[in-house]
Enquirer: 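Submitted below is the structure of interest, expressed as structure tokens.
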Amino acid sequence: MGIFASVADRNAIEAEAPWEDRQVARSIYGFLCRAAAAHGPRPALSFQLQSGPSDRSETLTWADLLRQTTQAANLFRSLGIGETDVVAVILPNTVETAVVLLGAMTAGIVNPVNPLLEPEQISAILRETKAKAVVTLRAFPKADVARKVAEAVRHAPTVRTVLEVDLNRYLSPPKSWIVPLIRPKNPVGHDAAVRDFTAELARQPADALTFADPLQDRVAAFFHTGGTTGMPKVAQHRVSGMVYNGWLGHKLLFRETDVVICPLPMFHVFAVYPVLMSMIASGGHVVFPTPAGYRGDGVLDNFWRLVERWKVTYMITVPTALSALMQRPINADISTLRGAFSGSAPLPVELYNRFEAATGVKIIEGYGLTECTCLVSVNPPEGIKKIGSVGIAFPYTHVRILHSDAGGHVIRECGIDEVGEICVSNPGVFEGSTYTEVDKNRNLFAEGLYLRTGDLGRLDADGYLFITGRAKDLIIRGGHNIDPAEIEEALMRHEAVAFVGAIGQPDSFAGELPCAYVELVAGKTVTPDDLLEFAREHIHERAAVPKHIEILKELPKTAVGKVFKPDLRRRAMTRVFDAALTEAGLAARVAAVTEDRKRGLVAQLMRTGPVDDADVARLMGEFASPWEWAA
């Protein structure tokens with residue numbers, strides 16, 4: 001392990017050797033073989049279907065994981081999956097999920113897909129990636145994944161095989177006896193062959209691959225990304241970027257004696273690269289509690305007891321989960337816990353302080369992107385942790401803060417503490433080919449090398465990176481740029497506020513006006529007027545004070561806990577346009593707000609009575625947002 005406490009330490013690690021000369025694995029299978037050779041009988045991965053601290057669990061050693069990965073890779077190759085063919089994995093967290101991910105990376109290209117997506121979104125991803133095989137759940141009580149995937153495959157003509165994983169094997173009698181009796185019917189309306197994954201896996205050799213394992217760098221994963229900004233795009237990841245993430249984890253932190261609890265989904269890069277790849281590199285042990293992770297029944301209530309059960313040394317988390325955990329008592333021995341890694345969204349200062357006071361454990365906040373094969377920076381575990389910062393760039397990662405034109409041409413580089421666009425170059429960045437869709441890569445790179453992240457940030461005099469917002473999230477009020485983070489951070493200081501999403505709502509005069517949607521801490525009460533008064537007192541920029549604050553029972557969030565702002569924008573557009581139409585006495589209202597690839601969010605209007613279309617067009621023309629009549 002190397003010391004990583006400062007920029008000087010990072011530079012010293014880089015000075016040891018160029019990245020290209022590092023003796024790292026050149027294939028995912030080779031990476032796993034190294035782990036099995038060094039740590040064969042040690043635990044690699046554990047999973048429990050239910051969240052109780054004494055509930056049944058299953059553990060694979062590193063030798064077990066290698067054998068099953070070998071079988072999975074051989075299975076996929078037997079189904080015609082070559083190096084450039086795609087296996088879509090539409091699964092919650094299970095032991096099989098990790099095995100399938102690694103096996104598909106070895107045989108071809110893996111494409112983890114969020115099983116919470118709707119069928120039309122899943123089918124669009126399957127068509128975009130031209131997936132040949134799909135691995136998903138068999139129909140199971142209280143789960144609709146199998147139904148959604150069957151419908152999605154019906155509209156994805158390249159899919160030839162569907163392999164099903166049955167969760168019933170994780171249950172004990174009498175529950176395991178009951179499931180076959182109440183299993184939902186899942187009529188198949190597609191032409192793909194449907195097979196049992198476990199049975200097919202057992203037919204394959206486990207001692208060696210049936211095909212040559214190529215050592216040249218290649219694309220081995222597709223991850224869909226839309227983040228908080230809308231329609232998914234598909235990013236492609238090379239083996240070198242995956243191994244780089246794992247190498248960082250081992251070089252800078254994890255040892256074979258570490259136990260990491262990861263209640264994040266394996267369709268997200270955070271769980272797959274910084275976690276799973278770091279375990280492969282270090283020989284550590286990762287625990288996945290329940291298929292749904294933090295969303296799983298009882299996981300938050302039992303979390304601290306799970307830490308005690310597994311003697312966890314590091315926890316992987318996101319701000320939404322931390323906030324929920326801080327509303328529960330620490331009812332177990334968590335003395336083994338040395339650190340908590342938080343990512344996916346900025347961490348409010350108050351939440352950071354609350355967690356450290358309650359647990360005695362510091363949160364290590366980092367920054368990563370799907371487009372970078374994840375890792376970019378981290379608050380150094382052995383160095384100064386600056387609250388509100390995502391730390392310093394990792395070894396072999398170069399971060400620049402730039403002002404660029406629309407074509408990616410650099411206008412100038414920002415000075416210390418000057419805000420600009422965060423641009424990144426590292427072994428995880430696939431220059432010129434970040435996305436599968438060629439058009440998405442145009443103007444994406446500054447100087448053809450640095451990925452333009454779309455995030456706004458600054459570097460301080462010590463080299464620490466601070467994220468100040470998303471370029472796409474900027475609220476532009478009459479030409480004045482307002483960072484939504486300023487509004488969100490101010491409202492988060494209120495004791496009753498758990499989460500905030502600030503956006504720009506349409507305005508016929510200013511273009512946009514700031515508004516905020518709030519989710520409250522469980523058991524707390526406050527009115528929108530109270531919050532508006534609080535905002536006036538704590539937001540120093542007068543133009544940034546929200547014109548509208550609305551309290552929701554729960555803010556819309558992505559699977560990893562980011563506030564999903566397109567849904568908030570839809571809500572705001574509907575409210576503002578309906579109010580304007582009503583005030584003008586026009587018999588029309590917003591029927592839906594849809595997303596168009598080129599125009600963004602589009603308001604679709606419907607007539608509620610006789611109305612002059614020209615009057616509606618004049619009124620809606622006062623707003624910058626696109627609209628159309630609903631079909």
Side-chain angles (χ1 to χ4, degrees), residues 27-33 35-36 44-45 47 58 60-113 115 126 129-140 145-146 149-150 152-153 156 158-170 188 190-214 218-222 239 242 266-267 272 276 280 291:
S27 73
I28 292 299
Y29 191 72
F31 200 22
L32 187 56
C33 285
L45 180 148
F47 168 75
E58 181 173 311
L60 296 186
T61 66
W62 284 107
D64 295 333
L65 184 56
L66 175 60
R67 282 193 295 269
Q68 291 194 24
T69 297
T70 303
Q71 289 179 298
N74 288 337
L75 169 58
F76 294 133
R77 188 53 61 95
S78 76
L79 295 174
I81 301 297
E83 288 181 29
T84 59
D85 295 320
V86 175
V87 178
V89 183
I90 312 173
L91 288 171
N93 287 355
T94 64
V95 169
E96 288 88 347
T97 308
V99 169
V100 170
L101 285 172
L102 296 170
M105 289 174 182
T106 299
I109 300 172
V110 70
N111 177 211
V113 179
L126 296 178
T129 62
K130 299 179 176 62
K132 280 190 177 180
V134 170
V135 186
T136 190
L137 288 185
R138 186 181 178 188
F140 198 78
V145 176
V149 172
V153 170
T158 59
V159 177
R160 299 173 184 170
T161 309
V162 176
L163 296 164
E164 293 186 329
V165 173
D166 192 352
L167 292 180
N168 196 35
R169 77 173 191 83
Y170 291 103
V188 173
H190 56 73
D191 298 326
V194 180
R195 302 181 184 179
D196 179 83
F197 174 75
T198 302
E200 295 299 322
L201 194 74
R203 294 190 177 97
Q204 298 296 325
D207 57 340
L209 293 177
T210 58
F211 56 93
D213 181 34
R218 66 180 184 88
V219 172
F222 290 156
V239 169
M242 302 176 191
M266 279 186 270
F267 57 77
V272 176
L276 186 57
I280 294 174

Enquirer: Are the side chains of Val219 and Val239 in touch, meaning some heavy atoms are under 4.5 Å apart?
Expert: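 They are not in side-chain contact.
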
Enquirer: For Thr210 versus Pro205, what's the shortest heavy-atom pair and its separation?
Expert: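 Heavy atoms only, the tightest pair is CG2-CG, 3.7 Å.
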
Enquirer: So, Thr69 side chain and Leu66 main chain: donor-acceptor pair closer than 3.5 Å or not?
Expert: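 No: the side chain of Thr69 does not pair with the backbone of Leu66.
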
Enquirer: Using the side-chain contact (heavy atoms from CB on, under 4.5 Å) rule, take Ile280 and Leu102 through it: C-alpha gap first, then chi angles, then the decisive distance, then the call.
Expert: CA-CA 11 Å; Ile280 294 174; Leu102 296 170; 3.9 Å; yes

Enquirer: Within the distance-only criterion (no hydrogens, no angle test), does the side chain of Thr136 pair as donor or acceptor with the backbone N or O of Ala146 below 3.5 angstrom?
Expert: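 No, Thr136 side chain to Ala146 backbone: no donor-acceptor pair under 3.5 Å.
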
Enquirer: For the residue pair Val135 and Phe76, establish whether any side-chain heavy-atom pair is separated by less than 4.5 Å.
Expert: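 Yes, at least one pair of side-chain atoms sits under 4.5 Å.
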
Enquirer: Name all residues meeting the side-chain hydrogen bond (donor to acceptor under 3.5 Å, both in side chains) criterion together with Asp213; count only those two or more places apart in sequence or in a different chain, and write none if there are none.
Expert: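 Asp213: side-chain hydrogen bond (donor to acceptor under 3.5 Å, both in side chains) contacts with Ser27.
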
Enquirer: Side chain of Gln71, backbone of Leu201: donor and acceptor closer than 3.5 Å?
Expert: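 Such a contact is found between Gln71 side chain and Leu201 backbone.
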
Enquirer: Could you give the distance from CZ (Phe140) to CG (Leu137), rounded to the nearest 0.5 Å?
Expert: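 Here the interatomic distance stands at 8.5 Å.
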
Enquirer: Would Asp166 and Arg169 pass as an ion pair if we require N to O under 4.0 Å?
Expert: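 The answer is no: the pair does not qualify as a salt bridge.
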
Enquirer: Is the shortest side-chain heavy-atom distance between Val99 and Leu60 below 4.5 Å?
Expert: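 In contact.
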
Enquirer: Does the side chain of Met242 come within less than 4.5 Å of Met105's, by heavy atoms?
Expert: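 Yes, at least one pair of side-chain atoms sits under 4.5 Å.
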
Enquirer: Enumerate the residue pairs fulfilling salt bridge (Lys or Arg N to Asp or Glu O under 4.0 Å) with a member in residues 76-95, sequence neighbours excluded, ordered by first and then second residue.
Expert: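 Salt bridge (Lys or Arg N to Asp or Glu O under 4.0 Å) check on residues 76-95 returns Asp85-Lys132.
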
Enquirer: For Gln204, does its backbone N or O pair with a side-chain atom of Asn74 as donor and acceptor, under 3.5 Å?
Expert: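 No, Asn74 side chain to Gln204 backbone: no donor-acceptor pair under 3.5 Å.
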
Enquirer: Quick one: do Trp62 and Leu45 satisfy side-chain contact (heavy atoms from CB on, under 4.5 Å)? Show the steps, please.
Expert: CA-CA 8 Å; Trp62 284 107; Leu45 180 148; over 6 Å; no

Enquirer: State the OG1-CZ distance between Thr84 and Arg218, to the nearest 0.5 angstrom.
Expert: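 Thr84 atom OG1 to Arg218 atom CZ measures 9.0 Å (nearest 0.5 Å).
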
Enquirer: Looking at every heavy atom in both Pro115 and Pro92, which two are closest together, and how far apart are they?
Expert: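 Heavy-atom minimum between the residues: CG-N, 4.1 Å.
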
Enquirer: Enter the distance from Thr129:OG1 to Phe222:CZ here, rounded to the nearest 0.5 Å.
Expert: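 Separation between the atoms: 7.0 Å.
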
Enquirer: If you take all heavy atoms of Ala72 and Gly103, which pair is closest and at what distance?
Expert: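 Looks like CB-CA, 4.1 Å.
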
Enquirer: Can you tell if the side chain of Leu75 reaches within under 4.5 Å of the side chain of Leu163, non-hydrogen atoms only?
Expert: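 Touching, per the 4.5 Å side-chain cut-off.
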
Enquirer: Answer whether the closest heavy-atom distance between the side chains of Val165 and Arg138 falls below 4.5 Å.
Expert: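 In short, these two side chains do not touch, never coming nearer than 4.5 Å.
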
Enquirer: Assess whether side-chain contact (heavy atoms from CB on, under 4.5 Å) is satisfied between Thr161 and Val134, documenting all intermediate values.
Expert: CA-CA 6 Å; Thr161 309; Val134 170; over 6 Å; no

Enquirer: Would you check if the side chain of Asn111 reaches a backbone N or O of Ala221 as a donor-acceptor pair within less than 3.5 Å?
Expert: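 Side chain of Asn111 to backbone of Ala221: no pair is present.
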
Enquirer: State, yes or no, whether a side-chain contact exists between Val89 and Val113 at a heavy-atom distance under 4.5 Å.
Expert: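 No, their side chains stay 4.5 Å or more apart.
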
Enquirer: More than 12 foreign heavy atoms under 6.0 Å from CZ of Arg160: is that the case here?
Expert: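 Incorrect, the count does not exceed 12.
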
Enquirer: Measure the CZ-CD distance between Phe197 and Glu96 for me, rounded to the nearest 0.5 Å.
Expert: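 Those atoms lie 6.5 Å apart.
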
Enquirer: Test side-chain contact (heavy atoms from CB on, under 4.5 Å) on Leu126 and Thr158; report intermediate values, then the result.
Expert: CA-CA 8 Å; Leu126 296 178; Thr158 59; 5.9 Å; no

Enquirer: Going by distance alone, is a donor N or O of one side chain under 3.5 Å from an acceptor N or O of the other, for Tyr29 and Thr70?
Expert: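 There is such a pair between these side chains.
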
Enquirer: Report yes if the side chains of Phe267 and Leu91 come closer than 4.5 Å at any heavy-atom pair, otherwise no.
Expert: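 No - every pair of side-chain heavy atoms lies 4.5 Å or more apart.
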
